[in-house]
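Order of the sequence lines sets the chain letters (A, B, ...), proteins ahead of strands, with each chain counted from 1. As the structure is a prediction and not an experimental result, all values here were calculated from the model.
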2 protein chains.
Amino acid sequence: MSQFGLLPGRAWVALIRELLRPPHYICIRAVGSHNQGQRSLQVAEAVSTSQLKANQEKSNCIIKTPKGTRDLSPQQMVVREKILDTVVSCFKRHGAKGLDTPAFELKETLTEKYGEDSLLIYDLKDQGGELLSLRYDLTVPFARYLAMNKVKKMKRYHVGKVWRRESPTIVQGRYREFYQCDFDIAGQFDPMIPDAECLKIMCEIISGLQLGDFLIKVNDRRIIDGMFAACGVPESKFRAICSSIDKLDKMSWEDVRHEMVTKKGLAPEVADRIGDYVQRNGGVSLVEQLFQDPRLSQSKQVLEGLGDLKLLFEYLTVLGIAEKISFDLSLARGLDYYTGVIYEAVLRQSPNETGEDSLSIGSVAAGGRYDGLVGMFNPSDHKVPCVGLSIGVERIFSIVEHRMKVFGEKVRTTETEVFVATPQKNFLQERLKLIAELWDAGIKAELMYKNNPKLLTQLHYCENMGIPLVVIIGEQEMKEGVIKLHTVASREEVTIKREHLVAEIEKRLSDS
Amino acid sequence: MSQFGLLPGRAWVALIRELLRPPHYICIRAVGSHNQGQRSLQVAEAVSTSQLKANQEKSNCIIKTPKGTRDLSPQQMVVREKILDTVVSCFKRHGAKGLDTPAFELKETLTEKYGEDSLLIYDLKDQGGELLSLRYDLTVPFARYLAMNKVKKMKRYHVGKVWRRESPTIVQGRYREFYQCDFDIAGQFDPMIPDAECLKIMCEIISGLQLGDFLIKVNDRRIIDGMFAACGVPESKFRAICSSIDKLDKMSWEDVRHEMVTKKGLAPEVADRIGDYVQRNGGVSLVEQLFQDPRLSQSKQVLEGLGDLKLLFEYLTVLGIAEKISFDLSLARGLDYYTGVIYEAVLRQSPNETGEDSLSIGSVAAGGRYDGLVGMFNPSDHKVPCVGLSIGVERIFSIVEHRMKVFGEKVRTTETEVFVATPQKNFLQERLKLIAELWDAGIKAELMYKNNPKLLTQLHYCENMGIPLVVIIGEQEMKEGVIKLHTVASREEVTIKREHLVAEIEKRLSDS
């Protein structure tokens, strides 16, 4: 368990505490943070071999999906595809190209990219050959792709699963396997133009999915670091204080201050100076204010960050989304690789709307600028600045799914347009001949896999499955070279010439 | 390396042979077979820790994807999405529901499902908690889903990646990570109706992808086993002889016979009896022939198999695909779980068409009936019979990609419809305002992330990217409340009122 070496002091304390009471399993708690902006206790289990054997013997008879993962039922698939369609069509509307990378990467490709979160990376067993890990996000593989292929400029989107060994039970809509939808712009451009487009995209997608009122918090890593320095935070404590600050969306300032002073050993007066700033948020006016701030205006870093934010707000106003954006000094973001502007979209629903308290909804999209990541792969090469965003589809999925339950919305799990039925016994071959015609004409059609199904059973199936049309064929129709076309909703029935069937069906489907 | 225990005798021989010469790595060779019908030597590497360290140090500076995996470039993504669209729309045309399962399963979910191939399963490292493996195909997870949710009847499709630790270099279009597109029908129905639909689907997809002439070989596990028994093959040798037979698409009968007699210790006269049968193939007439065969007609198993094949051919004739199907006694299929009819689609291209010899193309789709698999998960429960198929998209992908190279076909990697350009300096804000209107109207639009791009650069970009329309805005146009609409192909340019822009663009896009 070499990963123990990676644990911060407080995790060791927690570990020892766990060891003192008879454990079902040993928990190593470490504060980490989520690419999609969530915060939570994260748990890595360590099980003694004896316990492992026990578990194995138990689970031999258990049929389940691995902890923190799930199957998606046909109903859920329909919802997820609807969400992914909205997201991807927006990415394409902004001229992004598709890209795919393997589910796993060389272990060293992922190391030193995620800070404390590295603890949550799934490694593959060493079965000989290369040491591999499942990807933790889509950003590092993208940077690896750019570096590997010496690509200096690219606007790409990537939809794919990522894997994180987190405790899945803490927040709903949180899993160990989940989808990410990423849009990134790599390349050297004039300042804040791609950054503004990323925020525009987040607005389009959240509006498009009708998730209700939302807000995008914006900050800049340079402002955070410069502010810390100006307040007298020792550089060694930057990351730790950052993750405390990050909890301000879940904890009161008093509690965060207490954590910084007692747990992280920050001088109270330094904490208070920080408190002055991190409790502020607003629009471009706050940017102007901070330009005048005696302490911050001394920091070159801060001024750079503020300058870019000012320009960003100009562009956001032109794009018509400025009122959706809030400059928020408490936004810190977890991942190591951000270097400039960072942002995070949160929903502003009232609890009763979703049935969950609004805090727990957390962010549904997030991202930022990472100008150093590609360079980490080939330092020799001049760097490729990048900015991007990631849509938290799983979170959105559970919101949409929950609403559909609340409003009792039904979804069709198939797209079948026509059902081929018969009242006749031993009429399978005629049904097969007919349905083959429909399939070959590109019509979505089904029949019952029975030699002698009851007509009522067939019609009931259509009603249950929401199939709009039924073609009914029997001996009489065969003789006369006609078929009956039955409309399920209205139950009206017309007799038409067999040779007109396909044309008639196509007409009705295009009308509806 | 407990998996050594799983190795057949000949693999041990190979292993020792490898050990006798100074190895770069140790190879364990084992003959296995591929769900998509391929045969090849499969290699599992075993690397000494010292070598491992060496590799690590080396690879620290290497940027690459893991062995046997690849990124898909935007060009490749377009091709793959085109293929997947054709496949999935066919599955939906046949009324299938979507389903998704996790990338990994509990290790025990996958054990004893794949025979020798189990050697090729990727295990995850034991980081505490459950023992996990990456899925090897989509069939076992489907069976696990049915058993877990007590589903007795379902028609589903599943498109997803699967992972196999095979030697990726042997056949082109063969990778350690690859997509599978599966369609399966679970449930108790009248005989051979779902089976016939599966073959119809394979025909529709291969035709739809315009892969040229093809043939679907069909056989039945009961006929193979019954034939072996009738010829005097000891039951203990069934699987071994099966995999020899399976090579008849790559080796001559003489070589296969030699392998069976010398390597697998089969009596020569038994081998000759088998040879009598496995070299035969044909249509329903061969089925009739075997009904009369003095030896085979003694086997209840064989008669069951033949009876079903006879019925199957009736349905295939009605569906109009009988001439694409060949009853082929040499088709055996690798996987353990098949219990009845099995099939495999092969392309019949002439070598010059694809630039690769036609043998190496191998199968592009395959499947069969597996009535026992769901029962393996909860024996208490009565069984759920299943039949299905898997499309070998990677193989198809490399064929399509190769042809596009040959015919010099170009693909657009973005869907951008309109580019917003300007001849003016310092006109970024006007461009942003304009493009926001287009985005909000659902029009796919791009602009250059520069404050002062050259007009020529902007127009060249459109030509290179195949963007059909350019909106040009400058001071003059601003004054007059108009914009210029430039058609890239014809280079003709019209001036239209700014308020008519969106409508005009939509008109032109729907016309084209």
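With a 4.5 angstrom heavy-atom cutoff, B:Ala196 does not touch chain A via any of its atoms. If you measure heavy-atom distances from B:Ile467 to chain A, you find no contacts under 4.5 Å at all. Contact annotation for B:Glu204: only side-chain heavy atoms (C-beta onward) come within less than 4.5 Å of a heavy atom of chain A. Proximity to chain A is absent for every atom of B:Met192, based on heavy atoms less than 4.5 angstrom apart. B:Glu81 touches chain A through its side chain: at least one heavy atom from C-beta onward sits under 4.5 Å away, while N, CA, C and O do not. When heavy atoms are compared at a cutoff of 4.5 Å, B:Leu432 approaches chain A by way of both its backbone and its side chain. Heavy atoms closer than 4.5 Å to chain A are found in the side chain of B:Lys200, but not in its backbone. Proximity to chain A (any heavy atom under 4.5 Å) is restricted, for B:Arg80, to the side chain, taken from C-beta onward. Residue contact with chain A, scored on non-hydrogen atoms closer than 4.5 Å, involves the side chain of B:Leu428 exclusively. For B:Lys155, the part lying near chain A is the side chain, with the backbone staying farther off; criterion is any non-hydrogen pair under 4.5 Å. For chain A, no part of B:Phe91 is nearby; none of its heavy atoms comes within less than 4.5 Å. For A:Ile121, the part lying under 4.5 angstrom from a heavy atom of chain B is the backbone only. In this structure, the portion of B:Leu134 lying under 4.5 Å from any heavy atom of chain A is its side chain and not its backbone. For B:Gln75, no part lies near chain A; criterion is any non-hydrogen pair under 4.5 Å.
Not a single donor-acceptor pair under 3.5 Å links the side chain of A:Asp71 to the backbone N or O of B:Thr101. A distance-only check finds no donor-acceptor pair linking the side chain of A:Trp439 to the backbone of B:His94 [under 3.5 Å].
A salt bridge between B:Lys161 and B:Glu177 is present, with a side-chain N of the basic residue lying under 4.0 Å from a carboxylate O of the acidic one.
Rounding to the nearest 0.5 Å places CE of A:Met154 at 6.0 Å from NZ of A:Lys97.
By the ring pair (Phe, Tyr, Trp, His ring centres under 6.0 Å) test, A:Phe142 pairs with no residue at all, sequence neighbours left out.
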